Amino acid sequence: MSTTDELSALTAGVDPRAFDPFSWFNIIGEIGCVFWIIAYVFAIRQGFRDRAPGFPLVAICLNFAWEFLASWVIPNPVPLWHAFDRIWFFVDVLIVYQLLRYGASLQRIPEVRRYFHPIVAVTTVMGGIGLYTFYLQYRDILALVGAFMINLIMSVAFIFFFFERRHQGGRGLSVPAAWFKLLGTLGTSIECHYVIGLAEPWLPSLSFLHFVCASIFLVDLLYAVMVTRWAAAQRAQTPLEEQDARAPMREAA
């Protein structure tokens, strides 16, 4: 089946509001997509500053696999949404580079550090196969449910990511990235409830999507608060450390 045929089958009989980029819920989702790009930019900037990836390993691998599928494999009837997918993909290339460049040295498990690059490759490939087969078997329109499943995995991984990185000087932790991820996912969650509901009327309910999106929001909020409080505590300690460092100099004088 050609891409044109797939798009025709995808949109046939669907409420036109579902794929109208100017529907109010899609505008909210598109704002959320912009917030996600901003989150990426903050994470990448912090990653280069700290020489550390700003996302957990599993999150980067699964996210990159989904963005590859959404950009180059799965048809999308809305050019604007497809453009967002490809922007995410190319921005995520930098995050993958940071993972490969800096990630191994941050691993505390010797076996993970030794086989780091094969682990990244296998996780990404297996994640992509799993996502694509889920998309095919469950008719997951635009792979949206798969995207939110990954997002929940990412959100939970960020909690452990925080506990690990705070013992490594906070390398890769970004307060703005945490909050923009939360806002971006909140916007796309609102959008996808309407898009999936309108485009997949055969579904008996959206209860699983309700659960996943609510869980993501709560875990993202927890992570954003944790990172914000940790960063504030670090800023409060810095002046005291500087004063302690100057004290011996004043005594010597």
Side-chain angles (χ1 to χ4, degrees), residues 36-37 39-74 84-138 140 142-174 177-178 181 184-185 212 215-216 219-220 223 226-227:
W36 256 105
I37 293 172
Y40 279 156
V41 170
F42 276 114
I44 290 169
R45 184 183 71 168
Q46 194 68 42
F48 280 122
R49 283 180 175 179
D50 296 343
R51 300 178 66 82
F55 285 81
L57 184 155
V58 172
I60 295 174
C61 295
L62 295 181
N63 205 39
F64 189 67
W66 184 90
E67 286 166 357
F68 174 82
L69 293 173
S71 296
W72 313 107
V73 179
I74 297 172
F84 275 125
D85 292 335
R86 291 187 172 180
I87 291 171
W88 288 340
F89 174 81
F90 286 114
V91 172
D92 213 29
V93 167
L94 289 175
I95 297 176
V96 173
Y97 167 77
Q98 291 179 335
L99 176 67
L100 297 175
R101 177 70 178 82
Y102 307 127
S105 63
L106 296 170
Q107 304 304 311
R108 296 193 179 191
I109 301 173
E111 291 80 4
V112 175
R113 188 165 54 248
R114 185 179 308 126
Y115 302 108
F116 183 77
H117 292 91
I119 288 172
V120 171
V122 170
T123 303
T124 303
V125 172
M126 294 300 292
I129 294 172
L131 285 166
Y132 189 62
T133 52
F134 181 88
Y135 160 78
L136 293 175
Q137 179 170 332
Y138 294 102
D140 180 19
L142 304 183
L144 294 177
V145 174
F148 282 98
M149 291 166 61
I150 290 174
N151 207 323
L152 180 56
I153 294 171
M154 181 185 301
S155 297
V156 174
F158 264 119
I159 301 298
F160 297 95
F161 179 78
F162 167 76
F163 289 133
E164 179 72 14
R165 291 296 179 84
R166 71 175 180 177
H167 295 299
Q168 297 175 329
R171 294 174 64 185
L173 296 178
S174 169
K181 180 201 180 298
T185 303
V212 171
S215 299
I216 292 170
V219 179
D220 279 355
Y223 174 70
M226 289 167 60
V227 173

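Hydrogens, waters and symmetry mates are skipped; everything else that's a heavy atom, side chains included, is used. Note that the coordinates shown come from a computational prediction; the quantities given were computed from them, not determined experimentally.
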List in chain and number order the residues that pass side-chain hydrogen bond (donor to acceptor under 3.5 Å, both in side chains) with Tyr40, two or more places apart in sequence or in another chain; answer none if no residue qualifies. Asn63, Glu67

Parallel, tilted or perpendicular, judged at 30° and 60°: which one describes the rings of Trp72 and Phe90? perpendicular

Hey, does Ile95 have a side-chain heavy atom less than 4.5 Å from the side chain of Phe55? yes

Do the side chains of Lys181 and Asn151 get nearer than 4.5 Å, heavy atoms only? yes

Determine whether more than 12 heavy atoms belonging to other residues, nucleotides or ligands lie under 6.0 Å from atom CZ of Phe68. no

Within the structure provided, determine whether Pro56 and Arg165 are in side-chain contact (heavy-atom separation under 4.5 Å). no

What's the shortest heavy-atom distance between Gly146 and Leu131, and which atoms? O-CD2, 4.0 Å

Quick check on Phe134: does its CZ atom have over 12 non-hydrogen neighbours (other residues, nucleotides or ligands) under 6.0 Å away? yes

Just so I know, are the side chains of Leu69 and Tyr135 near enough to count as touching, which here means a heavy-atom distance under 4.5 Å? no

How close do Ala177 and Ala43 get, heavy atom to heavy atom, and via which atoms? CB-N, 4.0 Å

Can you tell me how the ring of Trp66 sits relative to the ring of Trp88, calling it parallel under 30°, perpendicular over 60° and tilted otherwise? tilted

Between Leu57 and Phe161, is any pair of side-chain heavy atoms under 4.5 Å apart? no

Report yes if some heavy atom in the side chain of Phe84 is under 4.5 Å from a heavy atom in the side chain of Ile37; otherwise report no. yes

Under the salt bridge (Lys or Arg N to Asp or Glu O under 4.0 Å) definition, can you give me all pairs with a residue in residues 46-59, not counting sequence neighbours? none

When every non-hydrogen atom of Val219 is compared with those of Ser155, the smallest separation belongs to CG1-O, 3.4 Å

For Leu62 and Ile150, the nearest pair of non-hydrogen atoms, with its separation, is O-CD1, 3.5 Å

Side-chain donor/acceptor pairs under 3.5 Å, residues 96-108, sequence neighbours excluded:
| from | atom 1 | to | atom 2 | distance (Å) |
| --- | --- | --- | --- | --- |
| Gln98 | NE2 | Ile44 | O | 2.9 |
| Ser105 | OG | Tyr102 | O | 3.0 |
| Gln107 | NE2 | Gly103 | O | 3.1 |
| Arg108 | NE | Glu164 | OE2 | 2.8 |

Just verifying a value: how many Å separate Asp220 CG and Leu152 CG, rounded to the nearest 0.5 Å? 9.0 Å

Enter the distance from Arg113:CZ to Phe116:CZ here, rounded to the nearest 0.5 Å. 11.0 Å

For Tyr132, does the OH atom have more than 12 heavy-atom neighbours from other residues, nucleotides or ligands under 6.0 Å away? no

Would you say the side-chain atoms of Asp85 and Ser71 include a donor-acceptor pair closer than 3.5 Å? no

Ile119 and Val112 have their tightest heavy-atom pair at CD1-CA, 3.9 Å

Give, for atom CD1 of Ile60 and atom CG of Asp92, the distance between the pair rounded to the nearest 0.5 Å. 7.5 Å

First locate atom OG1 of Thr124, then atom CD1 of Ile129, and finally report the distance between them rounded to the nearest 0.5 Å. 11.0 Å

